[in-house]
Visitor: 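Mind having a look at this structure? Questions to follow.
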Amino acid sequence: MARVSGRSLWVAWPAGVLCAAVIAALLWLAAPGVPGAVDMIGAMLRGATATPSADGAGDATTDAAPATDCRDLYPDPLWAELTWTPDVLLSQNTDPPATASALATALTPAVRFTCTWRTGDGRSVSTTVATVPVDTAPVAHAALAAEGFDCTLEDGAARCERARGTVREVHDLRGDVWLSSVLDDWLPEDYSTQVASRVFPAQPEGT
């Protein structure tokens with residue numbers, strides 16, 4: 001093998017060994033991040049190849065299976081907004097709906113799960129997903145309307161809202177499911193609509 005004039009093996013060999021050691025150290029330090037990078041790239045590729053929805057929105061959250069816990073309840077953007085709120089704490093349990101309405105006692109709901117977010121400055125958002133007797137939406141509509149809620153009833157589904165001071169309540173009842181949200185001095189954008197999209201699956205056209 002030809003040698004380049006002016007170079008010394010006594011210098012080249014130690015330099016080569018040092019470079020190899022540096023590269024090995026960098027690879028060792030980067031190894032823990034490889035699985036995460038692979039997952040991120042895979043998620044990006046899956047998102048790029050996903051089939052857009054019929055309306056062009058490309059949002060598949062409304063077609064997902066009904067939520068079974070707090071993480072399932074929130075679309076990714078809303079989950080990020082809530083979790084990145086300063087000094088916030090999330091608790092999941094089977095507490096009854098936080099509403100002050102007598103409806104919570106009358107319907108005797110079987111709570112699937114309740115998600116409550118609280119901040120250090122006293123703000124809170126609480127959402128309960130519960131099972132109630134089938135077709136109780138008309139009863140809930142009448143009861144909540146009598147308590148001052150603004151209610152609508154359409155195709156057997158009731159939606160009622162009320163704001164008192166800093167507290168806002170939103171109730172959705174469809175079939176045997178009751179989705180109840182109580183927001184105290186904290187109103188994430190389109191909160192009730194976003195969680196409803198994860199609890200009530202989209203119905204096929206014509207149904």
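Since we're looking at a predicted model, the values are computed, not measured.
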Visitor: Are L179 and L103 connected in a single hydrophobic cluster, I mean Ile/Leu/Val/Met/Phe/Trp/Tyr linked by side-chain heavy atoms less than 4.5 Å apart?
Guide: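 Cluster IDs for L103 and L179 differ.
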Visitor: Quick one, L90 and L82 - any side-chain contact, counting heavy atoms below 4.5 Å?
Guide: no
Visitor: List the atom of P97, the atom of S180, and the distance in Å for their closest heavy-atom pair.
Guide: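 Smallest heavy-atom distance, with atoms named: CB-OG, 3.7 Å.
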Visitor: For S192, is there any backbone N or O sitting under 3.5 Å from a side-chain donor or acceptor partner on S181?
Guide: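 Pair absent, no side-chain N/O of S181 close to backbone of S192.
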Visitor: Look up atom CZ in R162 and atom OG1 in T99, then write down how far apart they are to the nearest 0.5 Å.
Guide: 6.5 Å
Visitor: Any non-hydrogen side-chain atom of D87 less than 4.5 Å from a side-chain atom of T119?
Guide: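 D87 does not reach T119 side chain to side chain.
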Visitor: Would you check if the side chain of T193 reaches a backbone N or O of D190 as a donor-acceptor pair within less than 3.5 Å?
Guide: no
Visitor: With a cut-off of 6.0 Å (strictly less than), are more than 12 heavy atoms of other residues, nucleotides or ligands near CG of D121?
Guide: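 Yes, enclosed.
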Visitor: Quick one: CZ on R159 to CG on L153, what's the gap to the nearest 0.5 Å?
Guide: 13.5 Å
Visitor: Tell me, with the steps shown, if D76 and R71 meet salt bridge (Lys or Arg N to Asp or Glu O under 4.0 Å).
Guide: CA-CA 9 Å; D76 289 344; R71 182 60 190 94; 2.7 Å; yes
Visitor: Between A145 and C151, what is the shortest heavy-atom contact and its length?
Guide: N-SG, 3.8 Å
Visitor: Would you say L173 and T136 make side-chain contact, with heavy atoms under 4.5 Å?
Guide: yes
Visitor: Taking L144 as the starting point, is it possible to reach V132 by hopping between hydrophobic residues whose side chains are less than 4.5 Å apart?
Guide: yes
Visitor: Checking D155 side chain against A157 main chain: does a donor-acceptor pair fall under 3.5 Å?
Guide: no
Visitor: Answer yes if the side chains of T83 and Y74 hold a donor-acceptor pair under 3.5 Å, and no otherwise.
Guide: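 No, Y74 and T83 have no side-chain donor paired with an acceptor closer than 3.5 Å.
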Visitor: Are L107 and F149 linked, directly or through intermediate hydrophobic residues, by side-chain heavy-atom contacts shorter than 4.5 Å (ILVMFWY only)?
Guide: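 Yes, F149 and L107 fall within the same hydrophobic cluster.
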Visitor: What distance do R198 atom CZ and T68 atom OG1 have between them, rounded to the nearest 0.5 Å?
Guide: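 Those atoms lie 10.0 Å apart.
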Visitor: If I take atom CD from residue Q92 and atom OG1 from residue T127, how far apart are they, to the nearest 0.5 angstrom?
Guide: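 Q92 CD to T127 OG1: 12.0 Å, rounded to 0.5 Å.
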Visitor: Quick one: are V182 and V167 in side-chain contact, heavy atoms under 4.5 Å?
Guide: yes
Visitor: Would W79 and W117 count as a close aromatic pair, with their ring centres under 6.0 Å?
Guide: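 Aromatic pair counts; centres sit under 6.0 Å.
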Visitor: I'd like to check V177 versus R112 (side-chain heavy atoms, cut-off strictly below 4.5 Å). Are they in contact?
Guide: yes
Visitor: Can you say whether the rings of W178 and H171 are parallel (under 30°), tilted (30 to 60°) or perpendicular (over 60°)?
Guide: tilted
Visitor: For the residue pair S124 and R118, what are the closest heavy atoms and their distance?
Guide: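 Scanning both residues completely, I find the closest heavy atoms to be CB-CG, 4.0 Å.
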Visitor: With a 3.5 Å distance limit and no angle check, can you tell me whether Q194 reaches the backbone of E189 through a side-chain donor-acceptor pair?
Guide: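 Yes; at least one donor-acceptor contact below 3.5 Å.
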Visitor: Rounded to the nearest 0.5 Å, what separation is found between the CG atom of D184 and the OG1 atom of T166?
Guide: 4.0 Å
Visitor: Tell me the closest heavy-atom pair linking H141 and C160, and the distance in Å.
Guide: CA-SG, 4.3 Å
Visitor: For A100 and E169, which heavy atoms make the closest approach, and how far apart are they?
Guide: N-OE2, 3.7 Å
Visitor: Going only through I, L, V, M, F, W and Y residues with side-chain contacts under 4.5 Å, is there a path from L78 to F113?
Guide: yes
Visitor: At their closest point, which heavy atom of L183 faces which heavy atom of L187, and how far apart are they?
Guide: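 For L183 and L187, the tightest heavy-atom pair comes out as CB-CD2, 4.0 Å.
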Visitor: With side chains defined as the heavy atoms from C-beta onward, is the minimum distance between Y191 and V170 less than 4.5 Å?
Guide: no
Visitor: Should the heavy atoms of other residues, nucleotides or ligands under 6.0 Å from CZ of R123 be counted, would the total exceed 12?
Guide: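 More than 12 heavy atoms, drawn from other residues, nucleotides or ligands, come within 6.0 Å of this atom.
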Visitor: Using a 4.5 Å cut-off on heavy atoms from C-beta on, say whether the side chain of T128 contacts that of D95.
Guide: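 With C-beta onward as the side chain, the pair stays apart.
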